[in-house]
Every structure is written in structure tokens, then in C-alpha cells.
Number of protein chains: 2
Amino acid sequence: MPDTPRRAGRLPGNRYGNRPTMKDVAARAGVGLKTVSRVVNGEPGVTPETERRVQEAIDALGFRRNDSARVLRKGRTASVGLVLEDLADPFYGPLSRAVEEVARAHGALLINGSSAEDPDREQELVLALCARRVDGLVVIPAGDDHQYLEPEIKAGVATVFVDRPAGRIDADVVLSDNFGGARDGVAHLIAHGHRRIGFIGDMPRIHTAAERLRGYRAAMEDAGIPVKDAWMSLGVTDPERVRRAAEEMLAGPDPVTAVFAGNNRVTVTVIRVLAEHARSVALVGFDDIELADLLQPGVTVVAQDAAALGRTAAERLFRQLDGTLLAPDRIELPTRLITRGSGELPPAD
Amino acid sequence: MPDTPRRAGRLPGNRYGNRPTMKDVAARAGVGLKTVSRVVNGEPGVTPETERRVQEAIDALGFRRNDSARVLRKGRTASVGLVLEDLADPFYGPLSRAVEEVARAHGALLINGSSAEDPDREQELVLALCARRVDGLVVIPAGDDHQYLEPEIKAGVATVFVDRPAGRIDADVVLSDNFGGARDGVAHLIAHGHRRIGFIGDMPRIHTAAERLRGYRAAMEDAGIPVKDAWMSLGVTDPERVRRAAEEMLAGPDPVTAVFAGNNRVTVTVIRVLAEHARSVALVGFDDIELADLLQPGVTVVAQDAAALGRTAAERLFRQLDGTLLAPDRIELPTRLITRGSGELPPAD
DNA sequence: TAGAGCCTGGACAACGTTGTCAGGTCCAGG
DNA sequence: CCTGGACCTGACAACGTTGTCCAGGCTCTA
């Protein structure tokens, strides 16, 4: 009979592919279980000679500590979860990376998931992460009711919301100044002589979209310009519909001479439409986009710092875990207007 | 005396913030431990009435199953790891998202980490993921020796390498046709009359960079054009140095009339340099970039499908886990030349 | 009405690790 | 030679879950 594998006959044998455990290492090194544990964790109180023998057995068997068991015993997973809308969106890449860097500095791994802007999927993801007992959560909300998180937060899961505030729950939030940024961007167009300014943005149920719309309205009101419904297009985000919305604004009886685009995806489509348009139309977009400076004209944008959002949120998260953070707070990061040409075009009527 | 918390006196009380366990739920519902387990896992053999009582207790206590314990018992974590270079790079966002979608379809979560192109950090990340007993790994290698993974793979961790092949180990690999893509791109420039063509790429120790360089050389050789050292710049990736390299090629005694850019970051910088350059210079870049069609001229690129890379790799990973996949294989996905203007400019000498 | 068979529920061990604690060895000092 | 302390080492329980197995109560049929 060949070597009988450990646990033979008890399981098909594919449990972790039959990995060696500390017990196996201990047997091979001729020491106690706990001594192996000590060596693996670099705890003091082991003779160099013993340590050498254990280390040898570890290498020979290819032992790797099972963190699931460790977590079960210790209660901390050294991992944090990040739930965002879509990792493929260039806005979230740097944000995610920033969270990862902070986590790494604290010795934690990052688990992330995309909600695809679906509240149910967000909840499903968040709860799955809680079941894994992540130490903390950074969430970019898709839904607007986060009461389902209350038991988790009570149970000690550190939580920070980013980019959009949480709904019906008191928690840390890190936001960009969407209102101020949009207001400044629109005011910039007004300062360059525009009065008929269009706004194309996402569904107002998304907080950022609503705030930017509010900024648009505020700037118009400050300048004493009445806003026409035909100048506003809300809830529009896929390229086809943005295109149609932009074309309608440009063609109506009261055509706009400038457009404020509510996010990076809208901006890109609007650029395409304007490129085909005969009359010159000014444009300011929310969110910076790569190569914006190389287009003709350069694209003027209200830029937010995605990496700073992620970093700030993650740092708050770990301060919650340290216990150095007291009450939940709302932090707002400033935006920056970057003028490159498209926002400085004069009205062409 | 107020309600004494469970485990009072044993621990500071912050272990998972004292979350309820199945035992607690069982006690509250007045049933046995295993019955709670059955309800939580939707196993048959529980009366509706009992199930209701248990469910009530679960809701009241805010119970959430501890997946660490579950994993320890079951041996599968339902999570896969993804190690890539930099999540903030727009090339990796869609790739990561594609892996996530496939994982999600298989009920698994995605843990990902950025190696920052550092082999040590790659190994550290991979081993940390193995310690968490991820079921599988998708790795975009930073280093060129992956023997350290051998015990893990033997132990049953499914593994697929993407974008670059693994070093010194036999494993599944999913690649783009870097050689063919680069050769076609350069041949395209040659077909438009260019003979002095520059190449700017990353360090040849990176497989993709080496393959693209090889494609460049092959195309030149096929056309019988001797390549001058001054036309090639390798290992250059930060904007400052790419800029200098490009300027030198354009200014030398034998100035290039066209440039092949080895990756998206190089392309972007070269575009900037060319925009300031008096003479018209043709450009083909490897990797597509957003808005490439809106520049003047549009940027001709060799596009690879990042999402397809991720999807293909993840699908192979789960086929390994199903056991339906046999021997390790090497899959090469085609690239696509997208002509937009910059690659069709005639030589300007 | 008794026995067979089915359904529901619970006791118990095991997963691999770490914290606690006690035993054992070795040496210095009395 | 004995005592005490410092230092190593290992036995054991516990973390929260799931798989196995058995007990008890029910229904149905002969």
C-alpha cells in the first residue's frame, strides 16, 4: 500500500488540496504544535536550534499558515472592503488604489466589489463582506437607505462612505464639494458672457448629480438668469441619449451657447457632439479627463481629486479602528476649476 | 447589575464587537444549534414554524454568519485573488472588472492588490492571498520567477497568469498578441512610406515590452530597413524621460518621421511632444486611449481588449476549479489596428 | 393497536489556529 | 547539595461553523 494521505477516507482529499498544517510541521520537526506557532509568528522564546528545525520542516512541506483559522481565533481579519460603482470607470481606479495604499500601510488587504449602481447588489456585496468579517468598509453608495448596516456598525465594523452620503444612518462621509464646484463652473461660463447654458447630468436620485444640478441652478439664480426646462437634461447617462439631449439643446428655439456636463462620461459624449457642431459652443465638465488639454480647444473642467477622496476615507477608517476617532463627521474636499479653452469661448449668437 | 455581556471578563469585549453566534440565536429561538445552521443555509428538514422562530431571532439579534469559521470547516473560501500592477492604470480597470464579473457569476468575491511592478511586493501579495486560502489566483506578473508558487499550485490553488507569462513554472497564461500587434502597427507605418521609425517602450525585462520591441524589429527587417540604435528607447516610462527620448529621436542627425509608442502612457506623452513639434510626425501607439478619435489628428492605435483578457483568464480559472480543465495552456488574444489619422500621415522629409 | 418508516431536531466532533498555563531543564547562589 | 528563578516547551481549550449520527415523535398501514 502506498503512503496513505492524511485524512484518507474521510474526505475526497481535495480539502485545500490537503495542505500541511502546523500539526504536520510539528510532527516532522519533532516539536510541539505551539512551538511551530511561535516560530511562524516570530514570537520569542524559541532556541535558535529548534527554530532552525521548524523552519526546515516548514520549507520542506511548503507549509503556509491558514489565515481563516487564525482569524477565527483572533477576531481580526486585517482586511477592508471597498464597494464602488464600477472599477472600469477611470474615476474609481485611482480612488481604489488610494484606499489600497492606506490599507497596505496598516497591513490590511483590500477586497472590492462593483455595485453597478444597483442598490440591491450594493447591499448583497456589503453583507457578504461583513460575513467575511472585514475590519472595515469603504462604501460608495448606490442606494439611499443604509439602515441595513446599523447592526454591523454596532457590532464594530468601521464604516466610511465616500463620494455620496449614506442614507438614513449616521456615519462618516467624505465628499467632494459638488455643489460649489458646479456653481463655480457655471459661474465661469456666465462670466464669459453666456446666459443660455445647458446642463446634462445623471439621475437626481444620485446625490452627486443632485448637488451639481443645485450648483447649476444657484449660479444661474445668482446671476439673475431664469432657467428653462429645455436646457436641463437629467437622468441621462448612456452616450446615445446624451447625444440626443445635447443636440436638442443646441437646436431648440432658444439654443444654448454653453453646456455644463455633469460627469466625465457625459463630458466625453458632449465633446463628440460639439466637434460635429457648426457653431462654437462653450463647455465645462465635471471631473477631469485624460488628454483634455490636447483637444482643440482644451476642455475646461471642474476637477475632483479621486485619490484624495480614497485616501481621506481610508485614513478615517483606520482611525475608527484605532479608536482615535470619535463622532461621525462629514468631510468635504474642494474641487478645482482648470481652464483650458472650452470654457472660455464667448457665446456665439 | 446590568445585563452582563456574553464572554464578559474573558476579553476586552471587542472581539468582532461581540457579535451574536448561532449558539446565541439557538438559545433565543429555543432550538438546537444545528437547526439554526440549517435555516441559515436553507437546508431542508425544518418546519415552517421553527424556521420562522429562528428567522425572528436572527433578525432580532442582527446575526450574520461568520464566514471564517465556515471556510475553516468547509475548505473553500469562494474568493479569488487578483494581483495586478496598478489599479489606477486605465488598462487594468476594465480587466479587473471583467474578472470580478466572472467571479460573481460563480458566487465568488474578488480580493485584489497592486504590485506596483515590484516583484517582492507581488510575491508578498500572492502569498498573503494564499494564506487566506483564496480558491484561485489571477496574476499579472511583475517578477519573472514564480517558482515560489509551486507548492501553492500543487496544494490546489488554481492559477492563471494574464498579460505576461509566468517565469520558471508551468501554468495557464492568457496574453495579447504583443508581437503580432506591434509588427502590424509598424508595418502600417512602413506601408505609408516611413523608413525612419522610432520605438519608445518599457524595460525589455517586461515581457510585453520585449515582445513589442521584437515586433518592431521584425517589421523593419521584413521591409529590409536597418534599425539604428538612436531610434530605440527602452526602459523609459516616466513622462519626463519619454519626452526627452522623443525629442532626441526627432532632433538627431537621422530624425525619425514616425514613432511607435510601446504602451498607453508612452503614447500620451508622445502625443504631447508631437503637438509642440513643428514638423508633422506619424504615430501609432500600443493600447487604445480614450478620446483618441477626437484629437487632431486622431491617434492610430494597436488596441488590445483588456476586458477580454480578464474574462478569458477568469473563465479558465473557474474551469480549473471545476476540474474541467486539463493541462496548462497558453492563449493568445488578437489585437486590432484602429486607424484614425496619426498613423497614416506621410513622412515629412 | 402495533410496528415500520419518515421527518424533525439536537449532541458531538472536527476544521487549524492561538492564548493560557503548567511542567521541565539548566544554572547561579547559598 | 538544595532552592529559586529564568527560560523553553508542550498539552489543552476555545474560536464559530458544518457533517455525522442518533433519538424521539409522528403518520400510515396491516
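Each chain gets a letter, A, B and so on, in the order its sequence line appears, and its residues count up from 1. This is a predicted model, so every value here is computed, not measured.
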Exercise for the section: Could you check how far CD of Glu43(A) sits from P of dC8(D), rounded to whole Å? Expected result: 13 Å

Problem - Phosphate OP1/OP2 of dT18(D) contacted by Arg65(B) side-chain N/O (<4.0 Å) - result: yes

Completion exercise
Contact check, residues 53-62 of chain A vs DNA chain D, heavy-atom distance under 4.0 Å, returns none

Problem - Atom pair distance, as rounded to whole Å: CG in Leu72(B) and P in dA14(C) - result: 14 Å

Problem - Sequence-distant partners of Ala103(B), side-chain contact (heavy atoms from CB on, under 4.5 Å), two or more places apart - result: Val80(B), Ala108(B), Phe318(B)

Handout entry: Asn66(B) side chain to Arg132(A) side chain, donor-acceptor N/O pair below 3.5 angstrom
Key = no

Practice task
Specify the angle, to 10°, made by the local axes at the two ends of the helix from dT1(C)-dA30(D) to dG30(C)-dC1(D) when five pairs are taken at each end.
Solution key: 60°

Fill in the blank from the handout: Between CG of Asn66(A) and P of dC15(C) the distance, given in whole Å, is 12 Å

Practice task
Name all residues meeting the salt bridge (charged side-chain N to carboxylate O under 4.0 Å, His left out) criterion together with Arg104(A); count only those two or more places apart in sequence or in a different chain, and write none if there are none.
Solution key: Glu124(B)

Exercise for the section: Specify the separation, in whole Å, of atom CZ of Arg73(A) and atom P of dT17(C). Expected result: 13 Å

Exercise for the section: Considering only NZ, NE, NH1 and NH2 on the basic side and carboxylate oxygens on the acidic side, decide whether Arg121(B) and Glu101(A) come within less than 4.0 Å. Expected result: yes

Practice task
Let me know the distance between CG of Asp24(B) and P of dC15(D), rounded to the nearest Å.
Solution key: 11 Å

Exercise for the section: Give a yes or no answer on whether the side chain of Gln147(B) reaches the backbone of Ile169(B) with a donor-acceptor pair at less than 3.5 Å. Expected result: no

Practice task
Decide, yes or no, whether a salt bridge links Asp67(A) with Arg133(B) under the criterion of side-chain N to carboxylate O below 4.0 Å.
Solution key: no

Practice task
Could you tell me whether Glu315(A) and Arg311(A) have a side-chain N and a carboxylate O separated by less than 4.0 Å?
Solution key: no

Completion exercise
Separation of dT9(D) atom C1' from Asn41(A) atom CG, nearest Å, is 16 Å

Just the table, please: protein N/O against nucleotides 8-12 of chain C N/O, every pair under 3.5 Å.
residue : atom : partner  : partner atom : Å
dT8(C)  : O3'  : Thr47(B) : OG1          : 2.9
dG9(C)  : OP1  : Thr47(B) : OG1          : 3.1
dG9(C)  : OP1  : Thr50(B) : OG1          : 2.3
dG9(C)  : OP2  : Thr47(B) : N            : 3.3
dG9(C)  : N7   : Arg38(B) : NH2          : 3.1
dG10(C) : OP1  : Gly32(B) : N            : 3.1
dG10(C) : OP2  : Gly32(B) : N            : 2.3
dG10(C) : OP2  : Thr35(B) : OG1          : 2.8
dG10(C) : N7   : Arg38(B) : NH2          : 3.0
dG10(C) : O6   : Arg38(B) : NH2          : 3.4

Practice task
Mind calculating the distance between CZ (Arg133(B)) and C1' (dG16(C)) to the nearest angstrom?
Solution key: 9 Å

Handout entry: Qualifying residues under side chain to side chain donor-acceptor pair (under 3.5 Å), relative to Glu100(A), sequence neighbours excluded
Key = Ser114(B)

Handout entry: Side-chain ion pair, Arg168(A) and Glu150(A), N-O less than 4.0 Å
Key = no

Fill in the blank from the handout: Only one of Val173(A), Leu317(A), Val99(A), Thr312(A) passes side-chain contact (heavy atoms from CB on, under 4.5 Å) with Val160(A), and that residue is Leu317(A)

Practice task
Verify whether one side chain among His146(A) and Gln123(A) offers a donor that lies under 3.5 Å from an acceptor in the other.
Solution key: no

Handout entry: Atom pair distance, as rounded to whole Å: NZ in Lys74(B) and P in dG16(C)
Key = 15 Å

